[in-house]
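Data first, discussion second: the structure below is written as C-alpha cells.
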Amino acid sequence: MVTRASSVPHLNSSGGSSNESATGSASGSRGRRSRLPNSRTRHVGKSVTPIQTRSTPGSMPRSRSLTHGMQRVTPQKSSNSSGGVRSRNTPVFLRSRENEIGSADTLEIVASKSTGSEPSTPEDNINVVVRVRPLNEKEKRDRYGMILQFPGNGQIIIESSERNNKKSRNQENVHVFTYNVVFEPGATQEDILDYSGIKRIIDMAIEGFSCTAFCYGQTGSGKTHTLTGPPDLFHGKPNLKDPRHGLIFRSFLYLFQLIKNRKDVNYVLKASFLEIYNERVIDLLNPGSARKPLAVRWSKKSRGFFVENLFTVDCEELDDLLAVLEEGMRNRAVGSHAMNDHSSRSHTMLTVHIISEQQTDGGVFISKHGKINFVDLAGSELTKKTLSEGKTLEEANNINKSLMVLGYCIASLSDGKKRFGHIPYRDSQLTKLLADSLAGNGVTLMIACVSPAQYNHAETLNTLRYASRAKRIRTKPVIMMDPREALILSLKRDINALVMENDHLKSALNLHHESLKTPNEKHQNGELLEMHLERVATGGMAVPKVDLERLAELDGNELAELVKLYMQENEALRQENNHLFTVRETILRDQEIVCRENERLLKKLEDVNKSRFEMSSNEPDIY
Ligand SMILES: Nc1ncnc2c1ncn2[C@@H]1O[C@H](COP(=O)(O)OP(=O)(O)OP(=O)(O)O)[C@@H](O)[C@H]1O
C-alpha cells in the first residue's frame, strides 16, 4: 500500500523550493543541439581542454573558523499505518525521517591557511536515500510478491523471502532500516530532484565544494532510470518537457537557474564524462575508434587521483551541458541480459566543474572550484540469474569485482576503528575516483536503488545494508580555492582584523588618556599617532591592490614579493597592536595606582577632619 509521507525533508538551503517544476524551466532554453559539436570533442583548443579530475582520500587542511548550521525538519503527521494525519503538501510515495542528515546548510566561507576554506562542520554524513522501483512486467507476470513495506519516517521493512518461513512469521527474519528519505515505487523523477537533497548539493557545488551524487544497486534496480531516465529519451530529438527525464537533466536546469540568479558572481562551467569499462577508463566525450584507455594517476601535489588527458568541454549554455549528457549516453557501453535489456556495462562519471569568481568586500577577487560528479554505477549481478556469458560474463566479473572493492572501502570507512587504517582505494579504478567523495573533502548523496520483488530479496537486503553502512561514513567538506588566493585572502582578513583592533585600541586609549594625561604618556601617545600617520603617509598601510584575476600572470618572484608585503604589513600591525596593548596595560596600572593614591588621600583627609572635630569638641567653651 502506498501512503503519504510522514515528513518531508527540506535539505536544500537556498533557492530550491520543492514545488519548482524542473521541466517547466526548460521551456525557455534555446533549441538544443542533438549532439556535442564536433569542434568541442575533437579539437584541443579554446573550448576543449584536457584537465585532471581530482579525488582526495587523504588529509584536509586544518580549519580556522567553523560555524555549523544543521537543518532540522519539522515532522508532519501522517495517516498511514502508524497513525496520524496526512499533510496536504507532502508528496505521495515519499518517506523521510524527522531528523535529517547532519550537513552544513549555512556555510561561512573563510579562507584557510593553505588550500581553502571549510564549511561549518568538521564532520558531515553522507546523505543516503533509497528509491524502490515498481515491479516490472515480468515480475508481475510471474506473480512475485512485494517484500518491502514502508511504515513511514524514513523506514523500510524487508520481510523474509519465504513467506511461509517459520522465522519470518516470528518476525525474527524481518529487517528494518532507516534512511534520510525513502522513495516508494510511485515516486516521480521530479520527487527525486525535490526531496533527495540534490538541490542542496548543487548549492554547495556552486559555493566551491566537491560534490557527488551516485546511484548504487543490483542490475535492473533503476539506477540509470533515476539518473538519466530511459535510454529512448536520447534517441532523436529529445522532448525537454518529458516527465521521464532523470536527475542529471533536472539538476542541470536547477544549476543554470541558480547561476542566473547570482548576478554578483561570474561562473565558468566545464564538463567531462568518462566510463570505467572492464577496469579501463574511457573518455566518453572523445572515445576514439580504438577506445584507448586513459591513465588514472596519483597527484602528490593535490593528494588525489586524477584522470590524465580527460577532455573537458566548456559549457556556456544549458544546451552545451545537455549535449555533453547526450554524447556520453550515446558512447557508453550498454548490453543486454536476462534481467535488463539496457544494462549499463560500465560505471560512468559525468563531472561538471563550476569555477566561480567573486569580488569580496575588501575588493579582492576570489575564485572557487566546485564540482559535481554524477556517478551511475553498473549494477551488481548474480550471473546465474542474468545468464551472462562470454563478453557479458567478463563485464559482470569486472563490475562485481569493483563493486566488491567499493563495498570493502565503505565497510572500512564506516567502521570507527578501521576508518583511519588502510582503505583499499587502489584496488579498483572506481574506488580511486570515488575516494574523494567517500572520505575526502566532498559532499555526497548516495541513492540506493532496490527492487521490491521477492525474487530479488538477497540483492535488495544487500543494497540496504550497504546503504546503511554508507550513512555512517563521515566526510570533511572544504571549499576548493587556489591556495595562493586563499593565502592572500587570509592575510588580508588578518590585516583587516588587526586594523580594526588597532583603531579600537587607539580610541580606547584616547578616552583613558584624556583623564590621565601625564607628560610621559603624552609623549607616548604622540609617538603612536606619529607612527600611525607616518605609516599611512608612506603607504605602509596600503599593500598594492591585487586583482586576483591576474594572479596567475604574476611570476614566482612577484608573487613572493606580494606575499612578503602582506606578511610585513601583518607583522607591523601585530607589533603596533602589541605596543598599544602594552601602553594600555601601563595606563591601566597607572590608573590603578592613582586610584589607590586617591583612596589613601581621601582616607587621610577623613582622618584629619575627624581628629580636628575631636580636638574642637574637647576644647573648653570660652564665652
Ligand atoms: N522508478 C521506476 N519507474 C519506472 N520504471 C523503472 C523505474 N526504475 C527502473 N525502471 C525500469 O526498469 C528497467 C531497469 O532500470 P535501469 O536500466 O535503470 O536499471 P539499472 O539499475 O541501471 O540496471 P543496470 O545496472 O543493469 O544498468 C528499465 O526498463 C527502467 O525503465
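Excluded from the calculations below are hydrogen atoms, water molecules and symmetry mates; all remaining heavy atoms, backbone and side chain alike, are included. Keep in mind the model is a prediction, meaning the values are calculated, not measured. One-based numbering, in listed order, for ligands and for the atoms of each.
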Open item on the list: Is atom 29 (O) of ligand 1 near the protein, in the sense that some protein heavy atom lies at less than 4.0 Å from it?
Closed with: no

TODO: Scan the protein's non-hydrogen atoms and note whether one is under 4.0 Å from atom 9 (C) of ligand 1.
DONE: yes

TODO: Check Cys449, Ser251, Cys215 against Leu227 for a side-chain contact (heavy atoms from CB on, under 4.5 Å) and give me the one that passes.
DONE: Cys215

Open item on the list: Please identify which of these residues, Leu434, Ile276, Leu284, meets the side-chain contact (heavy atoms from CB on, under 4.5 Å) condition with Met349.
Closed with: Leu434

Open item on the list: Against Asp376, only a single residue in Lys223, His347, Arg332 fulfils side-chain hydrogen bond (donor to acceptor under 3.5 Å, both in side chains); can you say which?
Closed with: Arg332

Has the side chain of [X] got a donor or acceptor atom that lies under 3.5 Å from a matching backbone atom of [Y]?
| X | Y | value |
| --- | --- | --- |
| Ser196 | Ile198 | yes |
| His457 | Glu159 | yes |
| Ser344 | Ser346 | no |
| Asp142 | Tyr144 | no |

[atom] [closest protein heavy-atom partner, distance rounded to 0.1 Å]:
| atom | value |
| --- | --- |
| atom 21 (O) of ligand 1 | Lys223 NZ, 2.7 Å |
| atom 19 (O) of ligand 1 | Gly222 N, 3.2 Å |
| atom 17 (O) of ligand 1 | Asn340 ND2, 3.0 Å |
| atom 27 (O) of ligand 1 | Ser344 N, 2.7 Å |
| atom 11 (C) of ligand 1 | His225 ND1, 4.6 Å |

TODO: Could you grab the distance from atom NZ of Lys270 to atom CZ of Phe311, nearest 0.5 Å is fine?
DONE: 13.0 Å

Task: Intermediate values then yes/no, salt bridge (Lys or Arg N to Asp or Glu O under 4.0 Å), Glu139 and Arg133 - done: CA-CA 12 Å; Glu139 288 161 347; Arg133 72 156 164 78; 2.8 Å; yes

Open item on the list: Below 4.0 Å from ligand 1: does a non-hydrogen atom of Gly220 turn up there or not?
Closed with: yes

Open item on the list: Within ligand 1, which atoms have a heavy atom of Gly379 less than 4.0 Å away?
Closed with: 25 (O)

TODO: Could you list the atoms of ligand 1 found under 4.0 angstrom from a heavy atom of Arg131?
DONE: 1 (N)

Open item on the list: For atom 3 (N) of ligand 1, which of the options Pro134, Gly186, Cys215 provides the nearest non-hydrogen atom?
Closed with: Pro134

Does an N or O from [X], backbone or side chain, lie closer than 3.5 Å to an N or O of ligand 1?
| X | answer |
| --- | --- |
| Pro185 | no |
| Thr226 | no |
| Arg133 | no |

TODO: Would you mind telling me if ligand 1 is within reach of the side chain of Gln218, the backbone, both or neither, using heavy atoms under 4.0 Å?
DONE: backbone

Open item on the list: Residue-level breakdown please: for Pro230 versus ligand 1, do any non-hydrogen atoms fall below 4.0 Å on the side chain, on the backbone, on both, or on neither?
Closed with: neither

Task: Verdict with supporting geometry, Asp232 and Arg244, salt bridge (Lys or Arg N to Asp or Glu O under 4.0 Å) - done: CA-CA 10 Å; Asp232 63 6; Arg244 298 174 302 160; 3.4 Å; yes

